[in-house]
K.L.:
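Right, I'll just put the structure down here and ask away after.
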2 protein chains.
Amino acid sequence: MLQRRIDDHAPPSREDMREAQEIFYKHLKRVGLKHTEQRDTILRTFLETRDHLSTDELFRLARKKDAKIGFTTVYRTLKLLAECGLASEVAFHDGVARYEHQFNRRSHHHMVCTDCGLSVEFFSPEVGKLEEEIGRKYHFDATRHTFQIYGVCEDCRKKPSRKLI
Amino acid sequence: MLQRRIDDHAPPSREDMREAQEIFYKHLKRVGLKHTEQRDTILRTFLETRDHLSTDELFRLARKKDAKIGFTTVYRTLKLLAECGLASEVAFHDGVARYEHQFNRRSHHHMVCTDCGLSVEFFSPEVGKLEEEIGRKYHFDATRHTFQIYGVCEDCRKKPSRKLI
DNA sequence: ATTGAAAATGAAATTCATTTTCAATTAGAA
DNA sequence: TTCTAATTGAAAATGAATTTCATTTTCAAT
Ligand SMILES: [Mn+2]
Ligand SMILES: [Mn+2]
Ligand SMILES: [Zn+2]
Ligand SMILES: [Zn+2]
């Protein structure tokens with residue numbers, strides 16, 4: 001899925017990779033699961049991109065590193081990564097669940113073009129404050145929120161046709 | 001789906017109902033569709049509740065008024081109602097698409113309990129301003145946004161178990 | 001190094017909300 | 001009333017998400 005980045009970053013350093021792996025292994029140990037080559041490959045593949053990937057997209061990328069990795073393993077590993085905070089689901093409402101890695105990343109939100117699917121990341125600390133404030137007001141223990149803006153990007157406004165979302 | 005209302009309202013008056021129907025009929029005529037008894041029943045059923053209904057939930061309610069109404073017709077009618085602004089989809093991320101009616105209602109957002117599914121409505125004009133502001137900044141023609149807060153409600157914090165979402 | 005129990009894997013099957021198909025029925029303009 | 005295009009709803013299809021299960025692998029205890 002197309003993306004335009006606001007805070008472009010280099011790919012993760014070897015040190016970053018090791019640190020993220022450690023978080024993952026700690027989590028696996030904590031819940032009584034085992035360390036495997038596949039889980040390693042999937043985590044590495046996931047960290048290498050800042051894209052918002054569907055399970056199938058990550059599966060295809062991981063398969064380039066290990067041709068016999070299975071879709072099911074990618075699916076299950078994404079759940080594990082979400083459990084330990086290395087991944088989070090991001091719903092663009094395009095019919096598939098997407099994930100992005102959360103290792104050393106600032107919290108951000110997305111604006112999505114309903115025509116071409118382009119997503120733009122933006123920062124808006126006010127939204128986090130609203131979560132806290134409204135949770136308090138209605139006596140919720142607020143743990144997370146979703147905020148997305150939908151519209152038509154500059155390029156698509158110039159084109160004639162329309163599709164998607 | 002359970003809901004706690006902030007701005008409780010009486011059921012729609014006969015006059016409200018007529019006004020909403022007129023909006024619907026105008027839309028049908030505009031796109032070359034016909035006025036049917038089923039569509040009428042579905043609209044009335046939909047307006048009578050302020051709940052956030054899945055297609056299946058609305059189908060079950062509508063069937064009480066007309067036992068031989070079909071699921072497919074409810075499904076299609078919801079799309080039509082969304083087209084003319086009388087309904088909007090609200091994604092609680094519980095695995096089904098939900099709709100709420102937008103006739104004579106203030107724009108609002110939702111806080112959802114991830115344990116029991118309770119949803120609380122709240123008003124936050126700041127969020128609408130953010131949409132406008134960020135759209136402008138990144139040259140999007142922003143048309144809508146989604147904002148939800150997830151957490152655990154007061155009642156569920158007291159209970160021991162956990163489930164859902 | 002060997003063993004064995006528990007976990008992991010991945011292909012295949014299943015689930016389930018959503019969407020499409022299609023033959024019979026109905027609306028409504030002329 | 002007639003005719004055409006739209007509607008209906010049961011059934012089938014779709015497709016992402018999830019589960020099943022036979023086989024393989026991990027890893028802690030010998
Ligand atoms: Mn992002
Ligand atoms: Mn609402
Ligand atoms: Zn675009
Ligand atoms: Zn609750």
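Per chain, numbering begins at 1; letters A, B, ... match sequence-line order.
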K.L.:
Among all residues two or more places apart in sequence or in another chain, which pass the ring-ring contact (aromatic ring centres under 6.0 Å, His included) test with His109(B)?
P.N.:
Phe122(B), His145(B), Phe147(B)
K.L.:
How many Å lie between CG on Leu80(A) and P on dT18(D), as a whole number?
P.N.:
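It is 13 Å, rounded to the nearest whole Å.
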K.L.:
In whole Å, what is the span from the CG atom of Asp66(A) to the C1' atom of dA8(C)?
P.N.:
14 Å
K.L.:
So does Lys79(A) get a side-chain nitrogen or oxygen closer than 4.0 Å to the phosphate oxygens (OP1/OP2) of dT18(D)?
P.N.:
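Yes.
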K.L.:
So which one's nearest nucleotide on DNA chain D is more toward 5', Phe71(B) or Gly32(B)?
P.N.:
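The answer here is Gly32(B).
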K.L.:
Can you find a side-chain donor-acceptor pair between Glu89(A) and His52(A) that sits under 3.5 Å?
P.N.:
no
K.L.:
Would you kindly give the CZ-to-P distance between Phe59(B) and dT18(C), to the nearest whole Å?
P.N.:
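Nearest whole value for this atom pair: 14 Å.
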K.L.:
Between dG9(D) atom P and Arg39(B) atom CZ, what is the distance in whole Å?
P.N.:
11 Å
K.L.:
Take nucleotides 20-30 of chain C nucleotide by nucleotide from the 5' end and write B, S or -, depending on whether a protein heavy atom sits under 4.0 Å from the base, only from the sugar-phosphate, or from neither.
P.N.:
BB-----BS--
K.L.:
For Glu133(B), what residues pass the salt bridge (charged side-chain N to carboxylate O under 4.0 Å, His left out) criterion, not counting sequence neighbours?
P.N.:
none
K.L.:
Between dT7(D) atom C1' and Leu43(B) atom CG, what is the distance in whole Å?
P.N.:
17 Å
K.L.:
Going by ring-ring contact (aromatic ring centres under 6.0 Å, His included), name the residues that satisfy it together with His35(B), two or more places apart in sequence or in a different chain.
P.N.:
Tyr25(B)
K.L.:
Run the side-chain contact (heavy atoms from CB on, under 4.5 Å) check on Arg39(A) and Leu80(A) step by step: do they pass?
P.N.:
CA-CA 10 Å; Arg39(A) 284 173 175 167; Leu80(A) 291 171; 3.8 Å; yes
K.L.:
Nearest whole Å is fine: how far is dA16(D) C1' from Arg98(A) CZ?
P.N.:
12 Å
K.L.:
Which donor-acceptor pairs under 3.5 Å do the side chains of residues 59-78 of chain B make with protein atoms, sequence neighbours left out?
P.N.:
unit_1   : atom_1 : unit_2   : atom_2 : d
Arg60(B) : NE     : Asp56(B) : OD2    : 2.7
Arg60(B) : NH2    : Asp56(B) : OD2    : 3.1
Lys65(B) : NZ     : Glu48(B) : OE1    : 2.8
Asp66(B) : OD1    : Lys68(B) : N      : 3.0
Thr77(B) : OG1    : Thr73(B) : O      : 2.7

K.L.:
Students often mix this up, so state it plainly: with edges at 30° and 60°, are the rings of His93(A) and Tyr150(A) parallel, tilted or perpendicular?
P.N.:
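Tilted.
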K.L.:
I'd like to know if the side chain of Arg44(A) and the backbone of Met17(A) have a donor-acceptor N/O pair within less than 3.5 Å.
P.N.:
no
K.L.:
Tell me the interatomic distance from Asp40(B), atom CG, to dT8(D), atom P, rounded to whole angstroms.
P.N.:
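Rounded to the whole Å, the gap is 11 Å.
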K.L.:
I'd like to know if the side chain of His110(B) pairs up with that of Gln148(B) as donor and acceptor (distance under 3.5 Å, no hydrogens or angles considered).
P.N.:
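Per modelled atom types, His110(B) and Gln148(B) side chains form no pair under 3.5 Å.
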K.L.:
In what stems does DNA chain D take part, counting only runs of at least 3 consecutive Watson-Crick or G-U pairs whose two distances fall under 3.5 Å?
P.N.:
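In DNA chain D, stems of three or more pairs: C:1-30 with D:1-30.
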K.L.:
Of Val96(B) and Thr73(A), whose closest DNA chain C nucleotide lies nearer the 5' terminus?
P.N.:
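Looking at the nearest nucleotide for each, Thr73(A) comes out on the 5' side.
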K.L.:
Nearest whole angstrom, please: distance from the P of dT18(C) to the CG of Asp56(B).
P.N.:
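So the two atoms are 9 Å apart, to the nearest Å.
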